[in-house]
2 protein chains.
Amino acid sequence: MEAGPTRADAGGSGPEGDGTPRTRIQEKNRARILEAALGTFARFGYRGARVDQIAEDAGMSKSNLLYYFGSKSEIYKAVLADLLDRWLAPLRTLDPEGDPRTELTAYIEQKLRFSADYPEASRLFANEMLQGAPMMRDVLEGPLKALVEEKSQVLRRWAACGRIRPVDPVHLIFLIWATTQTYADFAPQIEAITGTGIHDETFRRQALQSLTDLIFAGLLPRPGSP
Amino acid sequence: MEAGPTRADAGGSGPEGDGTPRTRIQEKNRARILEAALGTFARFGYRGARVDQIAEDAGMSKSNLLYYFGSKSEIYKAVLADLLDRWLAPLRTLDPEGDPRTELTAYIEQKLRFSADYPEASRLFANEMLQGAPMMRDVLEGPLKALVEEKSQVLRRWAACGRIRPVDPVHLIFLIWATTQTYADFAPQIEAITGTGIHDETFRRQALQSLTDLIFAGLLPRPGSP
DNA sequence: AAAAAACCTGACCAAATGGTCAAATCGAGC
DNA sequence: GCTCGATTTGACCATTTGGTCAGGTTTTTT
């Protein structure tokens, strides 16, 4: 009885199969491809992206790229999978035991950082939504929905204790998502108007300050303060 | 001296030239094309959109479509031009003489209506931004920036009078844009989580209520109210 | 240092895509 | 019902695009 093939995958033509790189070269090249693909897909969407442009951005031949990922849609799926964890992570850290203001401020700050550090990831996510989320529907209806419901409960409990006013938690979450992502997704607009953007630290602090101030205190003058 | 050609345009091959239809048929067909193009460009972006798909959606042959608009980019420009006025209109109506709360609520309501009535227009706008606004940069830096500065002044004056708290007006405008557009641009996400969307009147009322409540009153409990 | 496996390339292909064109058809005014 | 311009079509074209493949080169294993 001979030992089963130690490191063979389904096909014989390349390292396709699961997403686990076997060699250092694979690890490096897959990473380069995913990064290049992120940029291209974020800008042009799935259909608008061109495989050879991704290859060029990744600094390799199209043939070689297709050696690592068998098809365009395979690259796309891999990029999306990479993206989702990071996108969802910040909300997971919202602590039910913490102080509402501290917790939400931290959450908003993390989301703003995400827009600053991975603007292309944010834009790719947006692009998927604009296309009708063909590759993400299950995730939206599954893990995302579950997480939102869990955290909505947290917000409702805070409201019940009188620690925050009773606002609809889902719309609050939408508001935080929208306002933080807009700085990445609509960067050209923001830059045209302000002359700078979320990549700039000073601007990011201003954005955070304005957002938290608005969300917590609101626009109307408070009775007690001049 | 013979009279100049009454209705000739640059080329001789079709009604291309300016955007003014000369005949009823042109009017009807141009409208059909623009509507179909809006849907396709909104979903797939400029590069991802296919001319023959637009033609099919418009119920005519690709050749005939190209008789009305000489090229893909010409269609795109026409759709964008159509879009911009409608997108900017609501902000223009913000009245410096009015009551801040009334004015801003009306503005938010108009933007929510826009997301509900023209979700594809909203998505096309988003798509242009994601691509880096190649066709819109001038508008962003010109009319849009000017309008935002004008209305920022209004907000600053309201703050100076103590009618609203002194928040950064630009970030407030970004917040309103982001929160209202998210219901159109990220519709699949919103629908996955809530089971409905901005097209639903009840949902739209809830969204408006939550938004205005948050924006005006804020999250933190007010000293005066339980 | 072979041998085997992994890696890479350029030539090539079929389908798709944006666009052209000559000819056929339609429709309003005479 | 004739005429002339507006409209519509289908055949056609050059280029682009996603993807394959045979074979060559490099790295790893023995």
Side-chain angles (χ1 to χ4, degrees), chain A residues 2-18 20-33 36-37 40-41 44-79, chain B residues 3 5-18 20-33 36-37 40-41 44-79:
Chain A
E2 76 281 4
T6 326
R7 53 170 65 183
D9 54 59
S13 55
E16 329 158 23
D18 60 17
T20 316
R22 262 78 163 200
T23 72
R24 265 159 275 156
I25 296 182
Q26 274 180 46
E27 197 166 347
K28 188 193 69 179
N29 281 348
R30 285 182 67 102
R32 283 218 316 234
I33 292 170
T40 305
F41 282 131
F44 300 112
Y46 177 72
R47 281 178 63 168
R50 304 281 135 92
V51 176
D52 42 5
Q53 188 188 330
I54 298 175
E56 196 190 321
D57 291 358
M60 68 182 67
S61 68
K62 189 178 66 163
S63 306
N64 198 23
L65 186 155
L66 286 167
Y67 168 73
Y68 286 98
F69 293 88
S71 71
K72 183 180 176 179
S73 78
E74 224 176 280
I75 315 174
Y76 189 68
K77 284 179 202 158
V79 178
Chain B
T6 327
R7 56 167 64 180
D9 53 59
S13 56
E16 327 158 25
D18 59 17
T20 316
R22 262 76 164 200
T23 73
R24 264 159 275 154
I25 295 182
Q26 275 180 44
E27 198 166 345
K28 186 193 67 178
N29 281 347
R30 286 183 67 103
R32 283 217 317 232
I33 292 170
T40 306
F41 283 130
F44 300 112
Y46 178 72
R47 281 178 64 167
R50 304 281 135 91
V51 176
D52 43 5
Q53 187 187 331
I54 298 176
E56 196 190 323
D57 291 358
M60 68 182 68
S61 68
K62 188 178 66 163
S63 307
N64 200 22
L65 186 155
L66 287 166
Y67 168 74
Y68 287 99
F69 292 89
S71 71
K72 183 179 175 180
S73 77
E74 224 175 281
I75 315 174
Y76 189 68
K77 283 178 202 158
V79 177

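Sequence lines set the chain letters: A, B, ... in the order given, protein chains first and strands last, and positions in each chain run from 1. Predicted model only: the values in this text are computed from it and were never measured. Reckoned from all heavy atoms, side chains included, excluding hydrogens, waters and symmetry mates.
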Quick test: give all pairs of protein nitrogen or oxygen and nucleotides 15-19 of chain D nitrogen or oxygen below 3.5 Å, distance rounded to 0.1 Å.
{"unit_1": "dT17(D)", "atom_1": "OP1", "unit_2": "Arg50(A)", "atom_2": "NH1", "d": "2.5"}
{"unit_1": "dG18(D)", "atom_1": "OP1", "unit_2": "Ala49(A)", "atom_2": "O", "d": "3.2"}
{"unit_1": "dG18(D)", "atom_1": "OP1", "unit_2": "Lys72(A)", "atom_2": "NZ", "d": "3.3"}
{"unit_1": "dG18(D)", "atom_1": "OP2", "unit_2": "Val51(A)", "atom_2": "N", "d": "2.9"}
{"unit_1": "dG18(D)", "atom_1": "N7", "unit_2": "Lys62(A)", "atom_2": "NZ", "d": "2.9"}
{"unit_1": "dG19(D)", "atom_1": "OP2", "unit_2": "Lys72(A)", "atom_2": "N", "d": "2.7"}
{"unit_1": "dG19(D)", "atom_1": "N7", "unit_2": "Lys62(A)", "atom_2": "NZ", "d": "3.2"}
{"unit_1": "dG19(D)", "atom_1": "O6", "unit_2": "Lys62(A)", "atom_2": "NZ", "d": "3.2"}

Nearest-angstrom distance from the residue atom CG of Asn64(B) to P of dG18(C): 17 Å
Phosphate OP1/OP2 of dG10(C): any Ser61(A) side-chain N/O under 4.0 Å: no
Every protein N/O lying under 3.5 Å from an N/O of nucleotides 25-27 of chain C:
none

Atom pair OG1 (Thr23(A)) and CD (Glu27(A)), whose distance is rounded to the nearest 0.5 Å: 8.0 Å
Between dC7(C) (P) and Arg32(A) (CZ): distance, integer Å: 13 Å
Euclidean distance, atom CD of residue Glu56(B) to atom P of dA16(C) [Å, nearest integer]: 13 Å
Asn29(A) side-chain N/O to dC8(C) phosphate OP1/OP2 under 4.0 Å: yes
Check: Ala58(A) main-chain N/O paired with Arg32(A) side-chain donor or acceptor under 3.5 Å: yes
OP1 or OP2 of dA6(D) under 4.0 Å from side-chain N/O of Gln26(B): no
Inter-residue atom distance Ile33(B).CD1 - Lys28(B).NZ, 0.5 Å rounding: 11.0 Å
Whole-Å distance separating the CD1 atom of Ile33(A) from the C1' atom of dC8(C): 12 Å
Heavy-atom closest pair, residues Ala36(B) and Asp57(B): CB-CB, 3.7 Å
Minimum heavy-atom distance between Ile75(A) and Ala37(A), given as atom pair plus value: CG2-CB, 3.6 Å
Nearest-Å distance for atom pair CG/P, residues Leu65(B) and dT20(C): 13 Å
Rounded interatomic separation in angstrom, taking OH from Tyr67(A) and C1' from dT25(D): 12 Å
Whole-Å gap separating C1' (dT28(D)) and CD (Glu27(A)): 17 Å
Nearest non-hydrogen partners of Gln26(A) and Tyr68(A), listed with the distance: CG-CE2, 3.7 Å
Nearest-Å distance for atom pair CZ/P, residues Phe69(B) and dT7(D): 13 Å
Nearest heavy-atom neighbours spanning Glu74(A) and Phe69(A): OE2-CA, 4.0 Å
Whether Phe41(A) and Tyr46(A) hold their rings parallel, tilted or perpendicular, with breakpoints at 30° and 60°: parallel
Lys62(A) side chain to Gln53(A) backbone, donor-acceptor under 3.5 Å: no
